[in-house]
Each structure stands twice: as structure tokens, then as C-alpha cells.
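To keep things clear, I will list the structure first and then write my remarks on it.
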Amino acid sequence: MSEIITLTRNNDFRRLYAKGKSFASGVIVTYVMKNRTGNIRFGITTSKKIGKAVLRNRSRRIIREAFRSISADLKPGYDLVFVARGKTPYVKSCDVLRSMKKELKEAGVLN
RNA sequence: UGAGUGGGAUAAACAGCUGCGGAUGCAGUGCCGAGAGGCCGCACCCGAGGAAAGUCCGGGCUCCGCAGGGCAAGGAUAACGGCUAACGGCCGCCGGGGGUGACCCCAGGGAAAGUGCAACAGAGAUAUACCGCCUGCUUUGCAGGCAAGGGUGGAAAGGCGAGGUAAGAGCUCACCGGCGCAGUGGAGACAUUGCGGCCAUGUAAACCCUAUCCGGAGCAACGCCUCACAGAAGUGUAUUCAUCUGCCCGAUGGCUUCACGAGGCGGCACUGAGCAGUACCGGCAACGGGCUGCCAAGAUAGAUGGCUGUUCACGACAGAACCCGGCUUAUCGUCUCACUCAUAAA
RNA sequence: GCGGAUAUGGCGGAAUUGGCAGACGCGUACGGUUCAGGUCCGUAUGAAAGCAAUUUCAUGCAGGUUCAAGUCCUGUUAUCCGCA
């Protein structure tokens with residue numbers, strides 16, 4: 001039985017940026033790395049480049065919603081970080097879902 | 001009808017399913033953790049803004065010694081009267097400026113307390129005599145008088161007209177302006193009337209002077225708890241040191257400097273300078289009082305998303321983070337109230 | 001949360017107490033020197049209008065004070081930095 005944990009520490013994010021594999025599309029960038037906990041751990045990055053607070057919140061919500069609908073089909077034991085890009089707050093969540101699916105399949109995390 | 005001025009309200013709406021955060025009630029005392037603590041089920045309710053923003057002011061709250069005295073230094077404000085917990089805010093009013101008008105704008109104290117600066121131009125810039133005008137003489141000029149006219153400049157010794165004179169000049173007079181004194185009105189700024197009388201430019205968003213006000217730091221404040229650690233250097237009992245800066249006095253403390261890990265809870269959402277309404281009372285108004293109703297975000301990587309359907313004007317600026325009162329800035333529109341001008345009609 | 005700094009041609013970077021802004025260097029273009037290139041020397045170089053003389057607009061942006069603002073004041077935008 002695996003559970004979903006939110007990444008909070010800056011350390012974890014740094015480790016993923018440095019050592020994780022990355023997959024990119026126009027709306028989202030995904031960093032993937034195996035961990036030994038047996039759980040799925042994920043985090044979302046929305047930098048100030050995206051825009052003001054409203055746009056950053058919007059990006060985060062869309063990504064979280066896409067992740068929620070896909071999370072049942074994930075293999076356990078991975079750390080994931082999703083980075084929003086400039087376009088992200090202006091697209092619909094199904095677009096994010098599509099590219100997230102594609103990137104996770106490429107990474108081999110998807111069942 | 002057109003053009004405009006000043007306020008106010010609103011911030012797409014409705015339905016269904018699902019997802020997220022929180023309060024309350026009920027229940028197992030089940031699960032996780034070394035511990036402080038945390039998590040899980042069901043029901044029902046609530047869940048961003050007019051600016052939540054900028055952090056420009058004023059408070060509350062907390063700690064620093066509960067906040068002391070004097071002189072400095074620094075900062076803020078600036079007609080007058082009021083409102084307010086307070087304010088650099090608001091209301092009223094005065095003065096000045098703009099607009100045909102509704103109305104709008106003004107850092108709006110002091111330049112005879114002192115200092116500085118005013119480039120270039122110009123004869124001369126706080127002082128003067130270049131061209132001039134007038135008189136006299138020994139007449140290509142010299143001496144004396146004058147400051148009206150010319151020219152320069154942002155600014156040239158109140159303005160304009162008349163009298164006056166050798167030529168001129170507030171030298172005299174009328175009007176205007178400004179200054180001083182007195183009277184009247186007003187709570188006051190001030191207005192107005194009378195008399196006297198006319199030498200001193202501008203700049204204080206230059207230094208400065210006057211009046212009033214200001215202790216510092218901030219919720220990563222601060223308090224409590226759990227596990228871990230209990231170290232190194234310096235001062236030597238008060239003439240030193242610390243408490244926002246300097247000096248003096250006073251007070252308190254006994255230590256000061258460096259090092260000081262990981263985590264949890266409270267603070268924190270609460271009856272509060274509270275919010276909404278009002279055919280009520282006082283006040284021109286800001287506002288105060290009365291009455292009625294309500295107590296409905298509270299996260300901690302940070303809650304509002306997704307899908308479906310319908311409608312329209314097709315949706316701007318934009319996300320609470322300790323809490324209030326303002327100011328400023330951003331903003332697609334829609335509705336509404338009062339008023340002004342023009343035209344037409346009555 | 002608290003606090004500070006900066007913004008000037010294509011680039012770097014001057015401009016004393018407010019008083020002629022675009023100094024100076026780099027770059028670019030043209031010309032000269034050379035058989036050729038480099039070096040070196042000279043001229044031009046913010047934008048718009050105009051044949052030209054010249055005029056207007058230009059110090060991040062919007063206002064204000066002043067006779068006069070890159071400089072002083074207020075608001076605002078962007079960038080950078082410090083402390084906890």
C-alpha cells in the first residue's frame with residue numbers, strides 16, 4: 001500500500017533538479033527519480049517567471065488536478081517534480097494531463 | 001436630446017456530479033510517532049477583495065527596563081475650526097488659481113533673525129547710469145541734476161492716468177495694489193470700513209527659523225512543550241558594560257562575546273475602535289448616540305479546481321497570511337442618484 | 001516582514017553648489033595610408049521634419065517646485081542587493 005506525500009524541503013527539489021531525469025513539453029516540465037520509501041512523493045514549482053500570485057496559484061491548481069486524476073495509475077517508489085512554464089496558467093487542465101501522461105509514460109512511471 | 005460634473009452600488013448568473021481547507025456535533029478510543037503531538041468515519045454549515053496589492057502613514061498586540069529628565073542629532077507635519085483610538089486621514093470653512101457652469105486643484109507658516117544661490121544676457125542683479133533727458137561752460141568736450149523713455153532679463157526701486165518741473169521723481173492727487181494702526185462682524189483663519197503712508201526682488205520641494213508630534217524592533221515578534229547539547233573566550237565587583245544614536249543625570253541588571261541542532265503547539269480568527277440596516281435623535285457635515293439583526297475564510301509549500309448543461313452584456317484588475325483605520329496605485333463593464341451647460345418645448 | 005541602491009546614445013561611462021547635456025572610451029559607417037589586410041590618421045554617428053539654414057522632441061515613466069530640473073520633491077515601473 002503506497003501513499004502520496006508532498007515534497008516540501010528545498011533539499012529534495014535540488015536533488016531532483018540535479019540528479020533526476022527531465023522530460024519537457026510546452027506547458028510542463030517533469031523531473032523523475034526513484035526513491036526507496038515505496039511511496040509516491042511529488043512537488044510543484046511555480047517560479048516568479050510565471051507571473052503574479054493569481055497566475056501562480058492557477059498553474060498550481062491545474063497541475064494538482066491533472067496529477068490527482070492520474071495518480072491512481074502510477075507505480076510506487078518515485079519522486080516527481082512538476083515545473084510550470086509561462087503558458088501553463090492559460091491552458092486547460094486536460095492539456096496538462098495529456099502532456100503529463102506522455103512524459104510519465106516516457107519515464108516509465110505509468111502502469 | 002446632446003455634452004459634462006460629483007457621488008453610490010455591483011464585480012457574470014443558475015443547476016448537477018466530483019475534488020480541496022476549516023468550525024461544530026456524534027462515534028471507535030482505532031491507527032501513526034521516541035515524544036510533544038498528529039491522523040482516520042458520518043452529518044451539517046462556512047470558505048478571498050474592492051482594491052486582498054504597494055508598504056506610504058496611523059493604531060492595537062508582543063518583547064526589549066512599561067517607556068524617566070535635560071541638551072543635541074534625526075524624522076514628520078504646516079491657514080483656521082472640528083471629527084476620530086490615532087493619523088500625514090476625513091468634514092466644514094478661509095485665502096489663492098482654473099472652468100460659461102455643476103465643480104475641480106493648491107507641501108497654503110516665516111524672506112525687515114541670519115547665511116547661501118540667481119548661469120547667460122545686460123551699463124547695472126540688490127545694486128546702477130550704457131544710450132538718453134535737462135542746465136551751465138572755455139562746445140569733436142567737460143561739470144552738475146534726473147531716472148520718465150530705449151534696450152537686456154524670469155526679475156530693474158509699486159501700476160496707470162493727471163497735475164507739477166529746467167528735465168524729472170509718490171513730489172502731489174484720483175483709482176488699483178501692498179503695508180501699519182483703529183473700528184465693526186465672526187469661534188477663528190479672515191472679511192469689511194476709516195485714517196496714515198509708500199526703501200529693500202525671487203528662492204525655504206537651499207541651509208535655516210517658528211509651532212506641534214515622534215523610544216526601538218517586529219507574528220520569522222513572542223510564550224509554552226518534547227528530544228538533544230550543557231561548550232569556548234573575555235571582564236573582575238563598578239569611574240566599566242548593556243538597555244535605538246552622541247553627551248550629562250537618574251533607574252535597573254550582573255555579566256559580556258562567540259557557538260546555540262531537530263520538531264510540535266499556542267499566538268491565530270476571538271464580542272472587536274466589529275459588521276449590516278435604520279421613515280429614530282443631535283450636528284451644515286465628517287461623526288456621535290439609540291434601536292434591530294449577525295458573529296459565517298483562517299491556511300502553514302499555503303485551501304475555490306475539474307467536468308456537464310442553460311443564459312447573457314462573453315467576463316477587467318487581481319489571491320487573505322497577526323488584526324484594524326486611512327492613503328496611493330491597477331481596473332472590462334453595468335446600474336443608479338444629484339447637479340450643470342447648450343438646444344427645443346411649455 | 002524590515003531596509004537599501006540603481007536607471008543617461010548601439011555598449012560602457014562623465015556631467016562640482018540646480019545654469020550650454022549628451023564629455024571620454026568602445027563600436028559602426030566613409031575616406032586616407034598599404035600591392036592587400038591589420039595598425040595608424042581624419043570625418044561622421046540620438047530621433048523626427050526639411051534641399052539647406054534651422055526647428056521640435058529626447059536623462060525609465062507621470063506630475064510638481066523653480067526664471068531654469070539628469071540634479072530638488074511626490075507617485076509609479078523595472079532591475080539588483082542586504083538582514084532576520
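The chains referred to below are lettered A, B, ... by the order of the sequence lines, with proteins before strands, and numbering in each begins at 1.
- B:A48 adopts a syn glycosidic conformation, its chi angle falling within 90° of 0.
- Classification of B:A107 as anti follows from a glycosidic angle more than 90° from 0.
- Taking 90° from 0 as the syn/anti boundary, the base of C:G27 is oriented anti.
- OP1 or OP2 of B:G306 sits under 4.0 Å from a side-chain N or O of A:Arg58.
- Across all strands shown, B:G60 is found opposite B:C322 as a Watson-Crick or G-U wobble partner, with both distances under 3.5 Å.
- Atom CG of A:Asp95 is separated from atom P of B:G306 by 12 Å (rounded to the nearest Å).
- Base pairing analysis places B:C224 opposite B:G264; the two distances defining the Watson-Crick or G-U wobble pair are each below 3.5 Å.
- In this structure, the CZ atom of A:Arg60 is 7 Å from the C1' atom of B:A301, given to the nearest Å.
- In this structure, B:C130 forms a base pair with B:G150, meeting either the Watson-Crick or the G-U wobble geometry with both donor-acceptor distances under 3.5 Å.
- B:G168 and B:G132 have their C1' atoms separated by 13 Å, given to the nearest Å.
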Secondary structure of RNA chain C per the Watson-Crick/G-U criterion (both distances under 3.5 Å; [ ] crossing, | other strand, . unpaired) is (((((((..(((......[....)))((((((.......))))))((((....))))..(((((..]....)))))))))))).
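- A:Glu65 places its CD atom 13 Å from the C1' atom of B:C17, with the value rounded to the nearest Å.
- A donor-acceptor contact under 3.5 Å links the side chain of A:Arg61 to the base of B:G319.
- Distance noted for atom C1' between B:G298 and B:A269: 6 Å (whole Å).
- Across all non-hydrogen atoms, the minimal contact from A:Val96 to A:Ile62 is CG2-CG2, 3.4 Å.
- For B:G202, the base adopts the anti conformation, since its glycosidic angle falls more than 90 degrees from zero.
- A:Leu80 CG to A:Leu104 CG: the interatomic distance, rounded to the nearest 0.5 Å, is 6.0 Å.
- Two residues are said to be in side-chain contact when any heavy atoms from C-beta on lie closer than 4.5 Å; A:Lys19 and A:Met33 meet this criterion.
- A:Asn57 has its CG atom 10 Å from the P atom of B:G302, to the nearest Å.
- At least one side-chain heavy atom of A:Leu97 sits less than 4.5 Å from a side-chain heavy atom of A:Ser69.
- Of the two residues near RNA chain B, A:Cys94 and A:Arg68, the one whose nearest nucleotide lies more 5' is A:Arg68.
- Comparing the P positions of B:G50 and B:A13 gives an interatomic distance of 15 Å, to the nearest angstrom.
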Evaluate the side-chain contact (heavy atoms from CB on, under 4.5 Å) criterion for residues A:Arg85 and A:Val27: first the C-alpha distance (whole Å), next the side-chain angles of each, then the deciding distance (0.1 Å), finally the verdict. CA-CA 6 Å; A:Arg85 312 193 80 172; A:Val27 293; over 6 Å; no
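- Taking atom P in both B:G49 and B:U10, the straight-line distance is 11 Å, to the nearest Å.
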Close N or O pairs between protein and nucleotides 75-80 of chain C (under 3.5 Å):
none

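- Rounded to whole angstrom, the span from the CZ atom of A:Phe67 across to the C1' atom of B:U18 amounts to 18 Å.
- When both pairing distances are held under 3.5 Å, B:G170 makes no Watson-Crick or G-U pair with any nucleotide shown.
- To the nearest whole angstrom, the two P atoms, one in B:G218 and one in B:A34, are 40 Å apart.
- Judged by Watson-Crick or G-U wobble contacts below 3.5 Å, the nucleotide B:A297 has no partner.
- B:C199 takes the syn form, because its glycosidic angle lies no more than 90° either side of 0.
- Rounding to the nearest 0.5 angstrom, the gap separating the OG1 atom in A:Thr46 from the CZ atom in A:Arg60 is 4.5 Å.
- Taking 4.0 angstrom as the limit, A:Arg64 places a side-chain polar atom (N or O) nearer than this to OP1 or OP2 of B:G302.
- Of the two residues near RNA chain B, A:Leu55 and A:Ile44, the one whose nearest nucleotide lies more 5' is A:Ile44.
- Between A:Val32 and A:Asp79 there is no side-chain heavy-atom pair separated by less than 4.5 Å.
- Of the P atoms belonging to B:G202 and B:G178, the separation is 14 Å, rounded to the nearest Å.
- A heavy-atom distance below 4.5 Å is not found between the side chains of A:Phe23 and A:Val29.
- Across all strands shown, B:A107 forms no Watson-Crick or G-U wobble pair with both key distances under 3.5 Å.
- A:Arg56 places its CZ atom 13 Å from the P atom of B:A318, with the value rounded to the nearest Å.
- Rounded to whole Å, the C1' atom of B:A15 lies 46 Å from the corresponding atom of B:C90.
- Using Watson-Crick or G-U wobble geometry with both donor-acceptor distances under 3.5 Å, B:A269 finds no partner in any strand shown.
- Crowding of A:Tyr17 atom OH: a count of heavy atoms from other residues, nucleotides or ligands under 6.0 Å exceeding 12.
- Partner assigned to B:C80 is B:G92, using Watson-Crick or G-U wobble distances below 3.5 angstrom.
- Taking atom C1' on both nucleotides, B:C20 is separated from B:U5 by 49 Å, rounded to a whole Å.
- Using a distance-only test at 3.5 Å, with no hydrogens or angles considered, a donor-acceptor pair links the side chain of A:Ser59 to the main chain of A:Leu55.
- A:Met100 is listed as a side-chain neighbour of A:Ile63, based on a closest heavy-atom distance under 4.5 Å.
- Rounded to whole Å, the distance from CD1 on A:Ile62 to P on B:C20 is 18 Å.
- Remark: A:Phe67 engages A:Phe42, A:Phe82 in a ring-ring contact (aromatic ring centres under 6.0 Å, His included) (not counting sequence neighbours).
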